[in-house]
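Counting starts at 1 for both ligands and their atoms, following the listed order. We're numbering straight along the sequence, starting at 1.
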Amino acid sequence: MKAFVIEGKDNSYFTVIDEPQLEDEYSVKVQVESVGICGTDIHIFEGNHGASKGQKRIPGHEFAGVVTEVGSAVKRLKVGDRVVHEPIGYCGKCYACRHGQGNVCQHLKVTGCNMSGGMEEFFVAPEKQWHRIPDWVTWNEAALIEPCTIGAQVCARAGVLPGDTMLIHGAGPIGILLACTAMQLGATVMISEVSEGRLELARAIGVPYVIDAKTQDTKAEVMRITEGEGANIVCDCAGIRAIAEDAINELSVAGRFVPVAATPFTFDAYEGMHKQVNIISSRLQMNQFVPVIARFKLYKDTIDQMITDVFDFADTKKAFEYACSRNPKTGKIVLRFNKVTD
Ligand SMILES: [Zn+2]
Ligand SMILES: [Zn+2]
């Protein structure tokens with residue numbers, strides 16, 4: 001079968017490898033139909049991703065396809081089912097796993113990051129790492145289910161409640177899908193961004209308060225919108241130190257700050273204590289695929305607007321080069337393995 005391999009900066013190519021076989025009675029083999037290109041994949045392509053440095057890597061952690069073979073102990077899935085891949089494998093025994101946080105397992109395996117990913121024609125993984133998707137979810141949309149789960153995880157970690165106010169810095173794919181999830185949960189969302197294309201998308205998906213950080217003072221806007229209370233939750237999806245350091249001033253009392261695109265920052269512990277602020281980290285996702293798929297109708301519209309470019313799998317290299325140009329008009333890029341029919 002064909003696989004796309006990245007071997008560090010400026011060295012990527014297609015190769016032919018053996019089709020993977022079922023590993024045990026719990027394995028499920030899937031023919032890949034669609035893969036999303038994510039920031040992590042771009043870092044791997046540019047040779048600056050920690051877990052992949054100096055390694056040959058088949059990237060891709062956002063993918064979906066059709067089941068072609070199942071192990072004898074597989075109960076939930078059958079040949080022909082349309083499924084999306086959950087890209088985390090965990091041991092089930094370490095401290096994190098014993099406390100329901102397999103997403104930070106000591107022995108965590110992340111598909112396409114520290115092991116092979118979905119930019120190949122077939123992929124084998126345990127049944128628990130595949131989730132069935134409804135027929136009305138297109139293959140392009142299915143490739144974006146994983147990033148939806150990242151937004152859902154941030155909301156779960158931050159304990160979003162109906163009526164909460166949330167300020168999101170950065171309207172890239174994760175910022176947008178976080179906004180979409182928070183709105184579903186009844187939060188009032190404010191999003192601050194500098195790129196015109198991204199501001200437009202935030203408005204188009206119905207974010208009620210879109211702040212143009214080029215021309216508006218984000219903190220002043222937040223105080224105006226929240227009538228001086230501050231945002232109950234601030235999320236940094238931009239990964240900018242100054243934004244993380246200013247979050248304490250944008251937060252309400254009893255507020256929560258989530259540095260989503262984590263970057264080192266200093267924190268005013270006195271002010272933090274005074275307001276009893278929580279700083280909450282959020283990595284990947286845990287148990288978010290089932291709820292995201294269950295309410296996928298609420299994501300569909302947003303996702304359709306986010307997908308700006310679809311490439312044939314044969315043009316994967318071209319797609320990566322295009323992604324690296326970081327055109328501000330580019331939303332999500334999806335690769336397709338078979339003739340594009342949706
Ligand atoms: Zn991703
Ligand atoms: Zn573990």
Any Lys/Arg nitrogen of Arg203 or Glu200 sitting under 4.0 Å from an Asp/Glu carboxylate oxygen of the other?
-> no
Is a donor on one side and an acceptor on the other found under 3.5 Å between the side chain of Asn327 and the backbone of Lys329?
-> yes
Report yes or no: does His107 have an N/O/S atom closer than 2.8 Å to the Zn ion (ligand 2)?
-> no
Please state whether the separation between the Zn ion (ligand 1) and some N/O/S atom of Asp41 is under 2.8 Å?
-> no
Give a yes/no verdict on a cation-pi contact between Lys128 and Tyr90, requiring under 6.0 Å between NZ or CZ and the six-membered ring centre and an angle within 45° of the axis.
-> yes
Among His61, His85, Glu62, find the one that has a side chain to side chain donor-acceptor pair (under 3.5 Å) with Thr111.
-> His85
How wide is the angle at the Zn ion (ligand 1) between OE2 of Glu62 and NE2 of His61, to the nearest 10°?
-> 100°
